[in-house]
K.L.:
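Below you'll find the structure I mean.
If you're wondering where the values come from, they're calculated on a predicted model, not measured in any experiment.
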Amino acid sequence: PGVACDSQGRVYVSDFANDAVRVYQPDAKLIKSIPVKKPTLLSVSPKTGEIYVFSWCLGGNIWGVHPELKKVANQAVAPTVTVLKSLDDPKPVATYPLPRVVTGEGQHMGKWGDTKGGTQVRAAVDFWTEPATIWLIPEGGRNFDPYADGVPIEFRSATWDNSGIILL
């Protein structure tokens, strides 16, 4: 789940299960709900107020997940980043596909019970470059059970030290 703050102290929270970004005042009063399909992570530009919303499926073996979230977690979601103009005018100004998100297959992330799941993907936006630069870690830190999937641990590619960072 993503959480970000803007330059006025408002808090943005990704509500994956309800397809929305919720925006709160610093005193926790809800200001606005912005409809976005399966928001996972987000960032807000301190210069322009643009909202970068990252979406992908949150499947995988996540312990303690609420049953209602499990109903929606395995829906196929094309990995994307959507740029919204601002809180005052949250219309999408651009949507871009994300490469190699989690599995390298591109369109969805795992199913409940497997070892990939979307929760280990990380993205950060550097708003101080022109244009903004997205740092994406598409996968990493897989289950290190030497018997998982019948693949010896030395042949697994998705460990943190070799998962790779992508700059967009």
Side-chain angles (χ1 to χ4, degrees), residues 1-60 62 69 72-110 116-142 157-168:
V3 177
C5 294
D6 67 13
S7 60
Q8 296 179 29
R10 296 175 292 211
V11 180
Y12 297 67
V13 179
S14 60
D15 185 349
F16 179 87
N18 293 302
D19 294 320
V21 171
R22 311 273 186 217
V23 186
Y24 297 89
Q25 293 178 354
D27 65 2
K29 181 182 176 192
L30 180 66
I31 300 171
K32 186 180 278 189
S33 292
I34 304 169
V36 180
K37 183 170 174 86
K38 300 297 173 243
T40 306
L41 297 176
L42 48 97
S43 294
V44 181
S45 171
K47 296 188 290 186
T48 66
E50 288 180 319
I51 307 162
Y52 283 59
V53 183
F54 295 86
S55 298
W56 54 71
C57 183
L58 284 178
I62 305 170
L69 180 56
V72 297
N74 285 320
Q75 295 175 0
V77 178
T80 59
V81 60
T82 300
V83 181
L84 306 176
K85 185 174 180 182
S86 67
L87 177 61
D88 294 330
D89 184 10
K91 69 179 176 191
V93 294
T95 298
Y96 305 101
L98 294 174
R100 269 186 40 215
V101 175
V102 177
T103 65
E105 295 157 12
Q107 295 306 307
H108 67 86
M109 298 187 203
K116 307 168 217 175
T119 58
Q120 69 271 45
V121 178
R122 291 292 174 254
V125 182
D126 179 356
F127 293 109
W128 304 108
T129 60
E130 195 58 49
T133 300
I134 295 172
W135 291 72
L136 179 69
I137 299 175
E139 60 181 323
R142 278 195 194 169
S157 63
T159 59
W160 283 115
D161 60 344
N162 70 3
S163 65
I165 294 174
I166 299 172
L167 296 180
L168 306 172

K.L.:
Taking it one step at a time, do Val44 and Glu50 satisfy side-chain contact (heavy atoms from CB on, under 4.5 Å)?
P.N.:
CA-CA 6 Å; Val44 181; Glu50 288 180 319; over 6 Å; no
K.L.:
Under 3.5 Å, is there a donor-acceptor pair between the side chain of Ser14 and the main chain of Leu41?
P.N.:
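Not confirmed, Ser14 side chain does not pair with Leu41 backbone.
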K.L.:
Give the minimum heavy-atom separation between Cys5 and Val11, together with the two atoms involved.
P.N.:
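Closest heavy-atom pair between Cys5 and Val11: SG-CG2, 4.0 Å.
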K.L.:
Do Val81 and Val125 have side-chain heavy atoms sitting under 4.5 Å apart?
P.N.:
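Contact flag for Val81/Val125 side chains = no.
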K.L.:
Name all residues meeting the ring-ring contact (aromatic ring centres under 6.0 Å, His included) criterion together with Phe54; count only those two or more places apart in sequence or in a different chain, and write none if there are none.
P.N.:
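Phe54: no ring-ring contact (aromatic ring centres under 6.0 Å, His included) contacts found.
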K.L.:
Mind listing the closest non-hydrogen atom pair of Ala20 and Pro39 along with its distance?
P.N.:
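Residues Ala20 and Pro39, closest heavy atoms: O-CG, 3.2 Å.
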K.L.:
Which distance, rounded to the nearest 0.5 Å, do you find between the CG of Asp19 and the OG of Ser33?
P.N.:
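Asp19 CG to Ser33 OG: 12.0 Å, rounded to 0.5 Å.
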K.L.:
Could you state the interatomic distance from CG (Asn18) to NZ (Lys38), rounded to the nearest 0.5 Å?
P.N.:
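Rounded to the nearest 0.5 Å, the CG-NZ separation comes out at 8.0 Å.
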K.L.:
For atom NZ of Lys47, decide whether the heavy atoms of other residues, nucleotides or ligands shown that lie under 6.0 angstrom number more than 12.
P.N.:
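Counting neighbours around NZ of Lys47, more than 12 heavy atoms of other residues, nucleotides or ligands fall under 6.0 Å, so yes.
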K.L.:
Let me confirm one number: the OG1-CD1 distance from Thr82 to Ile34, rounded to the nearest 0.5 Å.
P.N.:
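Rounded to the nearest 0.5 Å, the OG1-CD1 separation comes to 12.0 Å.
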K.L.:
Are any side-chain N or O atoms of Thr80 and backbone N or O atoms of Thr95, one a donor and one an acceptor, separated by less than 3.5 Å?
P.N.:
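Side chain of Thr80 to backbone of Thr95, a donor-acceptor pair under 3.5 Å: no, none is there.
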K.L.:
According to the ring-ring contact (aromatic ring centres under 6.0 Å, His included) rule, which pairs have a member within residues 24-45, sequence neighbours left out?
P.N.:
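Counting only pairs at least two positions apart or across chains, no ring-ring contact (aromatic ring centres under 6.0 Å, His included) contact touches residues 24-45.
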K.L.:
So, the side chain of Asp6 versus the backbone of Gln8: is there a donor-acceptor pair under 3.5 Å, distance only?
P.N.:
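Looks like yes, one N/O pair under 3.5 Å.
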K.L.:
Check whether Asp126 reaches the backbone of Ala132 with its side chain - one donor and one acceptor, N or O, closer than 3.5 Å.
P.N.:
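Side chain of Asp126 to backbone of Ala132: no pair is present.
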K.L.:
To the closest 0.5 Å, what do you measure between CD1 (Ile166) and CG (Leu98)?
P.N.:
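It comes to 8.5 Å.
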K.L.:
Testing the basics here: between Pro26 and Gly9, what is the closest heavy-atom pair and its distance to 0.1 Å?
P.N.:
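In terms of heavy atoms, the two residues are closest at CG-O, 3.3 Å.
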K.L.:
What distance separates Leu87 CG from Tyr12 OH, expressed to the nearest 0.5 Å?
P.N.:
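Nearest 0.5 Å value for the CG-OH distance: 4.0 Å.
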K.L.:
If I take atom CD from residue Gln25 and atom CG from residue Leu30, how far apart are they, to the nearest 0.5 angstrom?
P.N.:
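Spacing of CD (Gln25) from CG (Leu30) equals 9.0 Å.
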K.L.:
Look at the side chain of Ser45 and the backbone N and O of Phe127, then say whether any donor-acceptor pair between them is shorter than 3.5 Å.
P.N.:
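Looks like no, no N/O pair under 3.5 Å.
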